[in-house]
Amino acid sequence: MKLVIAIIKPFKLDEVREALTSLGVAGMTVTEVKGFGRQKGQTEIYRGAEYSTNMVPKIKIEVVCATALADRVVEAVQQSANTGAIGDGKIFVLDVGQAVRIRTGETDDSAL
C-alpha cells in the first residue's frame, strides 16, 4: 500500500477529488494548511521573536491506496492540479506498513 500526499492550490480541490473518484479512490483526508516553497516566506522580528509571514494557503490531500493504483493516483493529481504557475504544489508517495479498519478489524487492502 502507498500513502500519496499532495499539497495543492485550494481552488483545485474539486477537480482533484473528481479525478480521484473516477479512479475508484474510496476516500481521502483533506486538510487546510499554510506554507511556502521556492517563493520563500519572509521573516520578521516582533517583540524579539522571529516569525514567518507570507505563508500561502494550500490544501493537503492524503490518500492511501493499493500499490498498483499509486502511479495512476499521482498522475491524476498532477494533471488535475496543474495550472502551469509557480506554487502548484508537490506530491509525495510513502510506503504504508499496515492499515486496519476500526469497525470491522479488516486489514491492509481490504481495509481501504
Side-chain angles (χ1 to χ4, degrees):
M1 293 176 299
K2 299 287 185 179
L3 169 61
V4 179
I5 302 171
I7 310 294
I8 64 169
K9 291 183 176 183
F11 67 89
K12 286 294 200 170
L13 176 60
D14 287 336
E15 290 178 51
V16 172
R17 184 186 50 78
E18 289 171 11
L20 292 176
T21 301
S22 70
L23 284 179
V25 171
M28 66 183 73
T29 302
V30 177
T31 311
E32 293 181 9
V33 295
K34 291 183 181 181
F36 63 89
R38 288 190 179 166
Q39 72 265 30
K40 306 288 184 221
Q42 296 177 350
T43 57
E44 296 181 10
I45 297 177
Y46 177 72
R47 293 189 179 180
E50 187 176 273
Y51 68 98
S52 295
T53 60
N54 292 340
M55 296 295 233
V56 181
K58 299 285 185 178
I59 295 291
K60 179 180 177 181
I61 299 172
E62 296 171 292
V63 175
V64 179
C65 62
T67 302
L69 187 61
D71 288 339
R72 291 179 28 218
V73 168
V74 169
E75 185 178 332
V77 171
Q78 185 176 7
Q79 289 179 356
S80 57
N82 184 18
T83 67
I86 191 167
D88 273 353
K90 296 274 191 296
I91 302 171
F92 307 98
V93 181
L94 300 113
D95 289 322
V96 174
Q98 183 180 16
V100 178
R101 184 185 309 266
I102 293 173
R103 180 176 54 87
T104 62
E106 293 172 287
T107 59
D108 300 330
D109 285 346
S110 61
L112 303 179

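- Using modelled atom types, one side-chain atom of Lys58 and one backbone atom of Gly87 make a donor-acceptor pair closer than 3.5 Å.
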Extract all donor-acceptor atom pairs below 3.5 Å that involve side chains of residues 25-32 and protein atoms in other chains or at least two apart in sequence.
none

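- With Asn82 contributing its side chain and Gln78 its backbone, the two residues share no donor-acceptor pair below 3.5 Å.
- Ile91 CD1 to Ile5 CD1: the interatomic distance, rounded to the nearest 0.5 Å, is 11.5 Å.
- Scanning both residues, Ala99 and Ala111, for their nearest heavy atoms gives O-CB, 3.9 Å.
- When hydrophobic clusters are built by joining Ile, Leu, Val, Met, Phe, Trp and Tyr residues whose side-chain heavy atoms come closer than 4.5 Å, directly or via intermediates, Ile8 is not grouped with Phe92.
- Note that the CZ atom of Arg17 and the OG atom of Ser80 stand 11.0 Å from one another [nearest 0.5 Å].
- For the side chain to side chain contact (heavy atoms under 4.5 Å, CB included) test, residues two or more places apart in sequence or in another chain that qualify with Ala85 are Lys9, Thr83.
- The two residues Pro10 and Ile59 come nearest to each other via the heavy atoms CA-CG1, 3.5 Å.
- Neither Leu3 nor Leu20 shares a network with the other; the hydrophobic side chains, linked directly or stepwise wherever heavy atoms of I, L, V, M, F, W or Y lie under 4.5 Å apart, form separate groups for each.
- Side-chain contact between Asp108 and Gln98 is present, with at least one heavy-atom pair separated by less than 4.5 Å.
- Contact of the Ile61 side chain with the Val77 side chain is not registered, since no non-hydrogen atoms from C-beta on lie closer than 4.5 Å.
- One finds the CD1 atom of Ile7 at 8.0 Å from the CD atom of Glu62 (value rounded to the nearest 0.5 Å).
- Counting only distance, with no hydrogens or angles, the side chain of Thr67 and the backbone of Met1 share a donor-acceptor pair below 3.5 Å.
- Across all their heavy atoms, Ala70 and Cys65 have their closest contact at CA-SG, 3.7 Å.
- Taking every heavy atom of both residues into account, Ala76 and Leu23 meet most closely at CB-CD1, 3.7 Å.
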(request) Report the C-alpha separation of Val64 and Lys2 in whole Å, then their side-chain angles, then the decisive distance to 0.1 Å, and conclude whether the side-chain contact (heavy atoms from CB on, under 4.5 Å) test is met. (result) CA-CA 6 Å; Val64 179; Lys2 299 287 185 179; over 6 Å; no
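- Note: Thr107 OG1 to Leu112 CG = 10.0 Å, rounded to the nearest 0.5 Å.
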